[in-house]
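Chain naming here is simple, since letters A, B, ... match the order of the sequence lines and numbering starts at 1 in each.
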Amino acid sequence: MIDKQEFRQDLIGWFEEEMRDLPWRKDQDPYKIWVSEIMLQQTRVDTVIPYFNRFMEQFPTIEALSGAEEEKVLKAWEGLGYYSRARNLHSAVKEVHEKYDGRVPDTPKEISALKGVGPYTAGAILSQAYGIPEPAVDGNVMRVLSRILLIEDDIAKASSRKVFEKAVRELISHENPSYFNQALMELGAIVCTPTSPSCLLCPVREHCTAFHEGVQHELPIKTKNKKQREVHLAAAVLKDDTGRTLIHKRAEKGLLANLWEFPNIEIHLPYKTEKEQLREALKLEFGADIALGEMIGTIEHVFSHLTWNIHVYEGTLIELKEEKPDLKVVSPEEIEVFPFPVSHQKMIKQFYK
DNA sequence: CATTCGTGGTA
DNA sequence: TTACCAAGAAT
């Protein structure tokens, strides 16, 4: 067993010297820490920085975000991915505004009840904003501790998180839980990396069982995820006589919920030609009277769990049968204010500019 | 417990 | 090119 006091000292001392200068580390505003932690879920620091800065300019306080339209929030999130994070954050911030008078709660029970705040984020906010010694176990922490303590549980399994939370509870500094948690993550991000850990630069290598046994490359244990499936879509860039195009708002649940897109359908077994299916769907599902033209290109877009292969058709929009809130006809200038997934941003760029 | 939910970077 | 990865949560 390692010397806990020395371990904490070496870890936190290193963090104080080497911590990166990040925009959400300028103060301990619970709202800023909250937003940063949501953005950082499964997302690299370098990707998050510009989004965080823009988001804070646009929604500087809980009150500002509470009063915002969801579409503005999604637009600010555009390109960051995992868009339910934005909708859950928006919803939870509204709840804090109304139920807690704008103050982010400081108990595990209350903060964990907020939408989008799971075990990791709860611990991150409680420790960093309020100095409460709660574990914040993310992928970095599991990797680092699997090596230091030689923990061989499969970190791909949900149940393993509790093993590491228990370990953190035994190790965490009660004097500075914020730095302790951040230092474990920072170490994982900078030194104790997945494929080639820089053990010779590691401030806690003397405490590391895996280093002593030379098995740091064998840890953590992580089973592979299975292969993703492919989905074939046909989409239409339809223009009316003034050059405007038809766009559609996606369903409020599921993939890319509430984002906008060019009207499209999934192609299954080709009982008819793809073009025929698209023409029929545009008429029946979208109520559009159209003249469908030729295929003008393809888009391939890779998600974490599936791949879209989109065949893009051009066409003429003659008329929309009825006004629906999920259908709009917009000009190239007007289309800019709607949040689109990256796959359809590619279509705007290639076929509607 | 396994799957769904994005995107861009990298070995 | 392929596979994996990056400060996870909801279902």
Side-chain angles (χ1 to χ4, degrees), chain A residues 15 19-20 22-25 33-52 74 77-89 91-92 111-125 127-128 135-144 153-162 164-165 168 178 180-190 192-196 217 220 222-231 250-259 261 300-308 339-346:
Chain A
F15 181 67
M19 72 169 133
R20 292 169 288 180
L22 301 173
W24 47 88
R25 284 181 175 163
I33 292 169
W34 184 6
V35 172
S36 74
E37 290 301 340
I38 301 297
M39 287 188 170
L40 285 163
Q41 288 169 6
Q42 299 291 285
T43 311
R44 294 175 191 285
V45 166
D46 289 340
T47 303
V48 167
I49 290 172
Y51 279 91
F52 177 82
L74 285 173
W77 212 271
E78 184 184 68
L80 197 52
Y82 287 139
Y83 298 96
S84 66
R85 292 184 298 175
R87 294 186 300 112
N88 287 337
L89 172 64
S91 167
I111 202 162
S112 298
L114 298 172
K115 282 185 186 170
V117 178
Y120 163 76
T121 305
I125 297 172
S127 61
Q128 293 176 41
V137 173
D138 70 338
N140 285 312
V141 173
M142 289 195 283
R143 181 173 60 256
V144 169
D153 294 67
D154 180 359
I155 67 167
K157 288 183 180 275
S159 58
S160 296
R161 197 195 68 247
K162 295 188 176 183
F164 292 92
E165 282 177 347
V168 170
S178 170
F180 183 90
N181 279 340
Q182 290 188 71
L184 276 183
M185 292 187 277
E186 196 91 341
L187 191 68
I190 294 174
C192 195
T193 51
T195 54
S196 54
H217 291 94
K222 186 177 185 184
T223 54
K224 305 181 194 298
N225 41 355
K226 58 179 192 179
K227 216 174 170 183
Q228 66 208 36
R229 68 181 198 277
E230 185 154 341
V231 174
R250 294 177 60 88
E252 63 181 16
K253 287 190 173 184
L255 183 65
L256 304 168
N258 285 359
L259 271 65
E261 64 183 2
E300 180 168 293
H301 190 78
V302 178
F303 296 88
S304 49
H305 58 303
L306 60 89
T307 298
W308 272 358
F340 280 80
V342 168
S343 51
H344 286 253
Q345 290 178 49
K346 292 177 190 168

[atom1] of [X] versus [atom2] of [N]: gap in Å, rounded?
X	N	atom1	atom2	answer
Ile38(A)	dG8(C)	CD1	P	11 Å
Arg161(A)	dA10(C)	CZ	C1'	13 Å
Leu306(A)	dC5(B)	CG	P	7 Å
Gln41(A)	dC5(C)	CD	C1'	16 Å
Leu40(A)	dA9(C)	CG	C1'	15 Å
Arg87(A)	dC5(B)	CZ	C1'	10 Å
Gln228(A)	dC5(C)	CD	P	14 Å
Trp34(A)	dG8(C)	CH2	P	18 Å

Next on the checklist: If you compare all heavy atoms of Ser160(A) against all heavy atoms of Asp153(A), which two are closest, and at what distance to 0.1 Å?
Outcome noted: OG-CB, 3.7 Å

Item to check | Atom of Arg143(A), atom of Gly188(A) and distance for their closest heavy-atom approach | outcome: NH2-O, 2.7 Å

Touch check for [X], heavy atoms < 4.0 angstrom, all strands: base, sugar-phosphate only, or nothing?
X	value
Val48(A)	nothing
Arg25(A)	base
Gly254(A)	sugar-phosphate
Leu89(A)	nothing

Item to check | Along DNA chain C (nearest heavy atom to each residue), the more 5'-positioned of Arg20(A) and Leu114(A) | outcome: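 Its nucleotide being nearer the 5' end, the pick is Arg20(A).
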
Next on the checklist: Within this structure, what is the CZ-CD1 distance for the pair Phe164(A) and Ile155(A), rounded to the nearest 0.5 Å?
Outcome noted: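 Taking CZ in Phe164(A) and CD1 in Ile155(A), the distance rounds to 6.5 Å.
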
Show the distances under 3.5 angstrom between N or O atoms of the protein and N or O atoms of nucleotides 7-11 of chain B.
residue, atom, partner, partner atom, Å
dT7(B), OP1, Tyr83(A), OH, 2.8
dT7(B), OP1, Val342(A), N, 3.0
dT7(B), OP2, His301(A), NE2, 2.7
dG8(B), N2, Arg44(A), NE, 3.4
dG8(B), N2, Arg44(A), NH2, 3.2

Checklist outcome for this item: Side-chain contact check for Ser159(A): nearest option of dA10(C), dC5(C), dC1(B) is dC1(B)

Checklist entry - With no hydrogens and no angle check, is any side-chain donor or acceptor of Arg85(A) less than 3.5 Å from a backbone partner on Leu80(A)? => result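 Confirmed, Arg85(A) side chain pairs with Leu80(A) backbone.
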
Checklist entry - Is a side-chain donor or acceptor of Tyr82(A) paired with a backbone partner of Met39(A) at a separation under 3.5 angstrom? => result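 Here the side-chain-to-backbone pair does not exist.
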
Next on the checklist: According to side chain to side chain contact (heavy atoms under 4.5 Å, CB included), who are the partners of Arg161(A), at least two apart in sequence or on a separate chain?
Outcome noted: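 Pro119(A), Val137(A), Glu165(A).
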
Checklist entry - Should Phe303(A) and Leu255(A) count as side-chain neighbours, where that means a heavy-atom distance under 4.5 Å? => result yes

Checklist entry - Quick one: do the Tyr120(A) and Gln41(A) side chains pair a donor with an acceptor below 3.5 Å? => result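 No pair is found: no donor N or O on one side chain lies under 3.5 Å from an acceptor on the other.
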
Please report the distance separating the [atom1] of [N] from the corresponding atom of [M], rounded so that it comes out in whole Å.
N	M	atom1	result
dT3(B)	dC4(C)	P	15 Å
dA9(C)	dG8(B)	P	22 Å
dA6(C)	dC1(B)	P	23 Å

Next on the checklist: If you compare every side-chain N and O of Lys222(A) against the phosphate oxygens of dC5(C) (OP1, OP2), does one of them come in below 4.0 Å?
Outcome noted: yes

